[in-house]
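Notes to accompany the following structure.
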Amino acid sequence: MSVITPAEHPFAVFVRILGKGKRGARDLTREEAREAMGMLLDGKAEDTQLGAFLMLLRHKEESAEELAGFTEAVRERLKAPAIAVDIDWPTYAGKKRHLPWYLLAAKCLARNGVRIFMHGGGAHTAGRMYTEQQLELLDIPRCENWAEASAALDQRNLAFMPLGAWMPGLQHMIDQRNILGLRSPIHSLARILNPLGARCGLQSIFHPGYQANHREASRLLGDTSIVIKGEGGEIEVNPDGVAHLYGTQAGESWDEDWPALSPQRHVKPAQLDPQHLLAVWEGGEDAYGELAVVATMALALRGLGQPRDAAFAQAREFWMNRIYRAKRLV
């Protein structure tokens, strides 16, 4: 038994701010969030503190200022070269009701000169289909460092890079999901990071009420972004429902509603077969999937400045011409 009072750990102050109780707890300021995330990324906090911090944040629900501060801490520690990117495409949720049609959207856009950087955090939840699992099937380059990503973007306009390859500290936090039993706010944070400073960052936030919060975080950071409630949590427009776009550009926020593309809802497939994605890419038909692909491409083109109608017209043309372009460019 020690008779000397130990010094308080420097990170304890951030746990205390979040966990002091109904009357004493509060949000972190943007500067506090930046400092706290910096300490976590630099290994200056204990694992017990990490777990407590993540779960307290989840229970409280992270603010836009906190998300902006966390993002600034990550960006300060990035060692990425200058790589031109049109669309930042985070993919962290995994699909369970429908196939990942967004992958065909990204592939088709890339065939038409749109430079897309995709990143994800691995297969962390059972029963879901993740981007990482379909890269080989769909011939999407997986990159393990920035040099490989730069080369893939120059050669194919599309690159996927695991979060662990460019920010392992965040991947470690995501990996706590099966230890803590719940997803942490890092799953949301990863969608905002836009590590290469793309012209537009797309974000999918599934839970209602969080979309505007993420849009505000991107606005605070000075980014151009569009946030949607994507199908299954991925950046994929559900053609069976109204899509609300939460946009921000040059410090200004905007909103836009896209009507459903189908007069009635499609029947959910009984099982998800990834080979069906390849079959449709090579000329097969799927009423739901093709609408989802075109609408998701239109979303990206909207993020690059095209009005909705022009974006849809361009997306339909890209999709109709995909087989010719695929044969010519592969």
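- Shown are Glu66, Glu72, Glu216; of these, the salt bridge (charged side-chain N to carboxylate O under 4.0 Å, His left out) with Arg30 is made only by Glu72.
- With hydrogens and angles disregarded, a donor-acceptor distance shorter than 3.5 Å links the side chain of Glu290 to the backbone of Asp286.
- In this structure, Trp319 has its ring center at least 6.0 angstrom away from the ring center of Phe312.
- Atom NZ of Lys107 is separated from atom CD of Gln134 by 12.5 Å, given to the nearest 0.5 angstrom.
- Asp273 places a side-chain N or O within 3.5 Å of a backbone atom of Gln275 that can act as its donor or acceptor partner.
- Side chains of Glu65 and Thr29 form no contact here, defined as non-hydrogen atoms less than 4.5 Å apart.
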Any chance you could lay out the side-chain contact (heavy atoms from CB on, under 4.5 Å) test for Ser188 and Glu62, step after step, and finish with the verdict?
CA-CA 9 Å; Ser188 296; Glu62 58 276 19; 3.7 Å; yes
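- Counting heavy atoms from C-beta on, the side chains of Leu153 and Val85 come closer than 4.5 Å.
- Gly127 and Lys96 get closest at one heavy-atom pair: O-CB, 3.6 Å.
- Side chain of Gln211 to main chain of Ile205: a donor-acceptor pair is present (N/O by atom type, distance under 3.5 Å, no hydrogens or angles).
- Here the options are Met320, Glu317, Arg316, the test is side-chain contact (heavy atoms from CB on, under 4.5 Å), and the partner is Val294; only Arg316 passes.
- Of the possible donor and acceptor atoms, none in the side chain of Ser262 sits under 3.5 Å from a partner among the backbone N and O of Arg265.
- For the pair Arg177 (side chain) and Ser184 (backbone), a donor-acceptor distance under 3.5 Å is absent.
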What do the steps show when you test Tyr246 against His214 for ring-ring contact (aromatic ring centres under 6.0 Å, His included), and what is the final call?
CA-CA 9 Å; Tyr246 298 79; His214 275 246; over 10 Å; no
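- Annotation: side chain of Arg215 is in contact with side chain of Asp255 (closest heavy-atom distance under 4.5 Å).
- Ring to ring, His119 and Phe160 are not that close: their centroids are 6.0 angstrom or more apart.
- Between Leu40 and Met173, some side-chain heavy-atom pair lies under the 4.5 Å cut-off.
- Taken to the nearest 0.5 Å, the CG atom of Leu54 stands 7.5 Å off from the CD atom of Gln176.
- Between the side chains of Gln203 and Ser218, at least one donor N or O lies within less than 3.5 Å of an accepting N or O.
- Using a distance-only test at 3.5 Å, with no hydrogens or angles considered, a donor-acceptor pair links the side chain of Arg77 to the main chain of Ala73.
- Side-chain contact between Leu291 and His266 is present, with heavy atoms from C-beta onward closer than 4.5 Å.
- Note on residues 9-21: pairs passing side-chain hydrogen bond (donor to acceptor under 3.5 Å, both in side chains), not counting sequence neighbours, are Glu8-Arg16, His9-Gln49.
- Using a 4.0 Å cut-off between charged nitrogen and carboxylate oxygen, Arg219 and Glu252 do not count as a salt-bridge pair.
- Checked by atom type and distance alone, the side chain of Ser204 pairs as donor or acceptor with a backbone atom of Gly230 at under 3.5 Å.
- Listed by chain and residue number, nothing satisfies the salt bridge (Lys or Arg N to Asp or Glu O under 4.0 Å) test with Glu234 (two or more places apart in sequence, or in another chain).
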Test Asn157 against Val114 for side-chain contact (heavy atoms from CB on, under 4.5 Å), laying out the working first.
CA-CA 6 Å; Asn157 292 320; Val114 181; over 6 Å; no
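- Proximity of a side-chain donor or acceptor of Gln171 to a complementary backbone N or O of Gly121 within less than 3.5 Å is detected.
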Can you list the steps and then say if Leu56 with Val15 is a side-chain contact (heavy atoms from CB on, under 4.5 Å)?
CA-CA 8 Å; Leu56 286 168; Val15 177; 3.9 Å; yes
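- Looking at Arg111 and Arg322, their side chains never come closer than 4.5 Å, going by heavy atoms from C-beta outward.
- Summarising the local packing, NE2 of His244 is surrounded by more than 12 heavy atoms from other residues, nucleotides or ligands at distances under 6.0 Å.
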side-chain contact (heavy atoms from CB on, under 4.5 Å), that's the test. Do Glu32 and Glu35 meet it? Break it down for me.
CA-CA 5 Å; Glu32 287 169 341; Glu35 183 178 354; 5.6 Å; no
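- The shortest non-hydrogen separation linking Pro195 to Asp88 is CD-OD1, 3.4 Å.
- Of all the heavy atoms in Ile235 and Thr296, the pair that sits closest is O-CG2, 3.5 Å.
- We find the CG-NZ distance between Asp27 and Lys60 to be 3.5 Å, quoted to the nearest 0.5 Å.
- To the nearest 0.5 Å, atom CG of residue Asn321 and atom CG of residue Asn112 are 7.5 Å apart.
- Note that the CG atom of Leu28 and the CD1 atom of Ile17 stand 5.5 Å from one another [nearest 0.5 Å].
- A heavy-atom distance below 4.5 Å is found between the side chains of His98 and Pro269.
- Hydrophobic clustering of Ile, Leu, Val, Met, Phe, Trp and Tyr side chains at less than 4.5 Å, counting indirect connections, keeps Ile228 apart from Phe206.
- Using the six-membered ring where Trp is involved, Trp146 and Phe117 have ring planes that are tilted, between 30° and 60° apart.
- Between Trp101 and Glu236 the shortest heavy-atom distance is N-OE1, 2.9 Å.
- Figure legend: cation-pi geometry between Arg75 and Trp166 absent, as NZ or CZ is not positioned both under 6.0 Å from the six-membered ring centre and within 45° of its axis.
- Checked for salt-bridge contact, Arg156 and Asp139 meet the test: a charged N lies under 4.0 Å from a carboxylate O.
- Taking every heavy atom of both residues into account, Pro185 and Leu57 meet most closely at CG-CB, 3.6 Å.
- Across every non-hydrogen atom of Cys143 and Ala152, the tightest pair is SG-CB, 3.8 Å.
- A single hydrophobic cluster is not seen to contain both Val227 and Trp258; linkage of ILVMFWY side chains at heavy-atom distances under 4.5 Å, directly or through other members, places them apart.
- Between the side chains of Thr131 and Tyr102, a donor-acceptor pair is found at a separation under 3.5 Å.
- Judged by distance alone, the side chain of Arg191 and the main-chain N or O of Pro90 form no donor-acceptor pair under 3.5 Å.
- Cluster annotation: Leu301 is connected to Met118 through the hydrophobic network of ILVMFWY side chains, with a link wherever side-chain heavy atoms come within less than 4.5 Å.
- In this structure the side chain of Leu193 never reaches within 4.5 angstrom of the side chain of Phe70, judged on heavy atoms.
- Met39 is connected to Met55 through a chain of hydrophobic side-chain contacts under 4.5 Å among Ile, Leu, Val, Met, Phe, Trp and Tyr, so both are in one cluster.
- A salt bridge does not link Asp86 with Arg115: every distance from a Lys NZ or Arg NE/NH1/NH2 to an Asp or Glu carboxylate oxygen is 4.0 Å or more.
- Side-chain atoms of Asn238 come within 3.5 Å of backbone atoms of Asp240 as a donor-acceptor pair (strictly under, hydrogens ignored).
- With sequence neighbours left out, the salt bridge (Lys or Arg N to Asp or Glu O under 4.0 Å) criterion links Arg142 to Glu144.
- Tracing side-chain contacts under 4.5 Å through hydrophobic residues (I, L, V, M, F, W, Y), one reaches Leu104 starting from Leu135; they form part of the same cluster.
- To the nearest 0.5 Å, atoms CG (Leu163) and CD (Glu132) are separated by 9.5 Å.
- Heavy-atom neighbours of Lys79 NZ from other residues, nucleotides or ligands within 6.0 Å: at or below the threshold of 12.
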